[in-house]
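For reference, the structure is listed below as structure tokens.
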Amino acid sequence: QNYPNPFNPVTKINFDLPEARHVQLFIYDILGREVTSLVNEVQEPGYRTITWYGTDAFGRNVGAGMYFYSIQAGEFRQVKKMVLLK
């Protein structure tokens, strides 16, 4: 899960990769529209912390509300919700 949650305006998403995999980490709004892509590349094994600054793909601040992040690495996929408060 991201920390802190709820957050304003920055949150961190942690994950551990046991082996090299193509990792995709996307942020979506409540309607399922992609807000931004934080990771979309092959990464080596290890512990990672990705920071989201509450911005969209163009660097604009997003509004308060519920967002989802989707992380996929190989066959693993998980979706979690997070809340941006202003």
Side-chain angles (χ1 to χ4, degrees):
Q1 185 67 50
N2 64 301
Y3 179 82
N5 190 21
F7 65 99
N8 177 17
V10 177
T11 190
K12 296 182 181 296
I13 301 168
N14 301 312
F15 62 95
D16 194 13
L17 224 75
E19 54 191 50
R21 291 274 188 234
H22 184 260
V23 177
Q24 294 178 310
L25 177 56
F26 297 104
I27 307 293
Y28 298 94
D29 67 13
I30 193 74
L31 298 176
R33 298 176 297 205
E34 185 179 316
V35 174
T36 192
S37 168
L38 299 180
V39 179
N40 191 7
E41 65 186 10
V42 174
Q43 294 195 337
E44 294 301 314
Y47 189 77
R48 303 277 188 283
T49 299
I50 306 297
T51 303
W52 183 43
Y53 294 94
T55 57
D56 66 13
F58 302 102
R60 299 176 298 212
N61 291 332
V62 298
M66 187 178 304
Y67 292 87
F68 298 90
Y69 71 86
S70 170
I71 184 167
Q72 184 168 347
E75 298 299 315
F76 174 81
R77 180 165 185 194
Q78 188 171 50
V79 176
K80 295 279 190 170
K81 69 179 175 178
M82 52 190 171
V83 177
L84 172 58
L85 295 178
K86 291 199 178 190

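In what follows, every heavy atom counts, from backbone to side chain, and hydrogens, waters and symmetry copies are set aside.
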Side-chain donor-acceptor contact under 3.5 Å, [X] with [Y]:
X   : Y   : answer
T36 : D56 : no
R60 : T55 : no
K12 : T51 : yes
N14 : T49 : yes

With a 4.5 Å cut-off on side-chain heavy atoms, are [Y] and [X] touching?
X   : Y   : value
T11 : M82 : yes
S70 : R77 : yes
F15 : V23 : yes
V83 : F7  : no
K86 : N61 : yes
F68 : D29 : no

In this structure, which one of V39, I71, N40 forms a side chain to side chain contact (heavy atoms under 4.5 Å, CB included) with F26?
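Filter result, single survivor: N40.
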Verify the ring-centre separation between W52 and Y69: is it less than 6.0 angstrom?
no
hydrophobic_cluster_shared for V79 and L31, side chain cutoff 4.5 Å
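The answer is yes; both residues are in one hydrophobic cluster.
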Any chance you could measure E75, atom CD, to R21, atom CZ, to the nearest 0.5 Å?
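Between atom CD of E75 and atom CZ of R21 there are 7.5 Å.
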Once rounded to the nearest 0.5 Å, what's the spacing between atom CG of L38 and atom OH of Y53?
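With rounding to 0.5 Å, CG (L38) is 10.5 Å from OH (Y53).
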Partner set under salt bridge (charged side-chain N to carboxylate O under 4.0 Å, His left out) for R48, not counting sequence neighbours
none
Counting N and O atoms only, with roles assigned by atom type, does the side chain of N5 sit under 3.5 Å from a partner on the main chain of K81, one being a donor and the other an acceptor?
yes
